[in-house]
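First up is the structure itself, then whatever we jot down about it.
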Amino acid sequence: MANSDQKIEGTEQDVLDEQSLQDATKLSPRLIYEVIRRDGEEELERPIRSLIWSGIAAGIMISFSVLGEAIFRTYLPDAPSSYLVENLGYSLGFLLVILGRMQLFTENTITTVLPLMVAPSRRLFGDVCSLWFIVLSANVVGAFAIATVFAHTSAIPSELIPALISLSEHAVGMPAGESFMRAIPAGILIAAIVWMLPQAEDASFFVILTFTWLIAAGDFTHIVAGSVEMAFLAVRGDLGFYDAVFGFFLPVLAGNVVGGTVIFTLMAWGQVRHELGELE
């Protein structure tokens, strides 16, 4: 009986070991690709009204990235390390938006493109372009709405206003070419967050915190968070239409798309394209 019990225990242990191995390897690159692709398909099938409201919510909530930085800048002591701590505030809005599953344009530069790369068609390309336009427009509407609240109401303490102005002027004050180049790493990092989240599980908070902090600390430019800063100056009358659109918005938009779609998504596609048949 003892030998029989030992064999049963050994068999159970083998099963547990095999399950542990499967759990450890279940999210290989091709499976991560598939998870994100299916998320993209779900987004492409969502009602337009849902996309609009989710996009507006994201544009509003991402403002807490700018507000978080402003709070740290206002109240931190003047020290060399303050810059690194200050930029932790930038992560706040991204945590709210990404963990809250709101529609953020720079996430769509990878999620909605993966279905298109698996089964390219004119109809699907049109659907992706339509979703991008809807989500980005909604994000900007949300950004302008909250920027108006910041600029023309007492919703935030007046002592934060100088820091908000300083942060916003820095964000939109770069030359267009520099804004474009600084937006490429930001696009790559946001796409990398999307790629890592299926595997991160309980560590999702720290993945988002770390890499969005890196965007701020590296002084990279993000189209939606930056739109809050652009809108804040615009509604105050400190930024003209031409400088807002051609000096900031379009260059940063292009850079984020290049980083998130052209660079990161193509790299992700390249490493799994010959394995995708195994999922069928």
Separation between CG (L167) and CG (L160), nearest 0.5 Å, reads 10.5 Å
Between the OG1 atom in T212 and the CG atom in L88, the distance rounded to the nearest 0.5 Å is 9.0 Å
*asked:* In the structure I gave you, are the side-chain heavy atoms of L197 and V35 within less than 4.5 Å of one another anywhere?
replied: no
F264 vs I190 side-chain heavy atoms within contact, under 4.5 Å
no
Steps toward side chain to side chain contact (heavy atoms under 4.5 Å, CB included) verdict (Q103, R46): CA-CA 11 Å; Q103 287 287 336; R46 292 188 69 185; 3.2 Å; yes
_Salt bridge flag under 4.0 Å for residues R37 and E41_ = yes
Value for OG1 (T111) from CG (L131), rounded to nearest 0.5 Å, stands at 7.5 Å
On a heavy-atom basis, the closest approach of I36 and P198 is CG1-CG, 4.2 Å
In terms of heavy-atom contacts, I52 and A138 come closest through O-CB, 3.4 Å
For the backbone of D78 and the side chain of S82, can you confirm whether one donor and one acceptor N or O come within less than 3.5 Å of each other? no
Can you check side chain to side chain contact (heavy atoms under 4.5 Å, CB included) on Y33 and M117, steps first, answer last? CA-CA 11 Å; Y33 188 100; M117 299 185 76; 3.9 Å; yes
Residue pairs passing the salt bridge (charged side-chain N to carboxylate O under 4.0 Å, His left out) test with at least one member in residues 53-74, sequence neighbours excluded, are R73-E86
request  = Please report the C-alpha distance between I156 and L164 in whole Å, then the side-chain angles of each, then the deciding distance to 0.1 Å, and finally whether the side chain to side chain contact (heavy atoms under 4.5 Å, CB included) criterion is met.
outcome  = CA-CA 11 Å; I156 59 173; L164 281 173; 3.2 Å; yes
### Message
Can you confirm whether F150 sits close enough to L67 that some side-chain heavy atom of one is under 4.5 Å from a side-chain heavy atom of the other?
### Response
yes
Are L92 and F205 in one and the same hydrophobic cluster, where Ile, Leu, Val, Met, Phe, Trp and Tyr link if side-chain heavy atoms are under 4.5 Å apart?
-> no
| Would V140 end up clustered with F133 when hydrophobic side chains under 4.5 Å apart are linked, directly or stepwise? | no
Applied to residues 130-143, the side-chain hydrogen bond (donor to acceptor under 3.5 Å, both in side chains) test, sequence neighbours excluded, yields T112-W132
_Would you say that R236 contacts I165 through its side chain, given a criterion of any heavy-atom pair below 4.5 Å between the two side chains?_
yes
Quick note, ring-ring contact (aromatic ring centres under 6.0 Å, His included) partners involving residues 45-94, not counting sequence neighbours, are Y90-F94, F94-H222
For the residue pair E34 and R38, establish whether any side-chain heavy-atom pair is separated by less than 4.5 Å.
-> yes
The reported gap from CZ in F248 to CD in E229 (rounded to nearest 0.5 angstrom) is 6.5 Å
**Prompt:** Quick check: are there more than 12 heavy atoms from other residues, nucleotides or ligands sitting under 6.0 Å from CE of M196?
**Reply:** yes
Ignoring hydrogens and angles, tell me if any N or O in the side chain of S63 forms a donor-acceptor pair with the backbone of G93 under 3.5 Å. no
Q.
Is it the case that the side chain of S166 and the backbone of P162 share a donor-acceptor pair, with hydrogens and angles ignored and the cut-off at 3.5 Å?
A. no
Notebook entry, point to check: Has I48 got more than 12 heavy atoms of other residues, nucleotides or ligands less than 6.0 Å from its CD1?
Noted result: no
For T221 and N256 the tightest heavy-atom approach is O-ND2, 3.2 Å
So CG of L266 and CD1 of I263: to nearest 0.5 Å the spacing works out to 9.0 Å
Quick one: does any side-chain atom of S179 pair with a main-chain N or O of V252 as donor and acceptor, under 3.5 Å?
no
Note: A244 and L239 closest approach over all heavy atoms is CB-CD2, 3.6 Å
For P251 and A176 the tightest heavy-atom approach is CB-O, 3.4 Å
* Heavy atoms, side chains only, cut-off 4.5 Å: are M174 and D219 in contact? -> yes
**Asked** Are the side chains of T265 and T109 in touch, meaning some heavy atoms are under 4.5 Å apart?
**Response** no
Requested in this report: State, yes or no, whether a side-chain contact exists between V172 and D243 at a heavy-atom distance under 4.5 Å.
Outcome: no
Output for pair (F211 CZ, I98 CD1), nearest 0.5 Å, gives 12.0 Å
Looking only at heavy atoms, the pair that brings I146 and G59 closest together is CG2-O, 4.2 Å
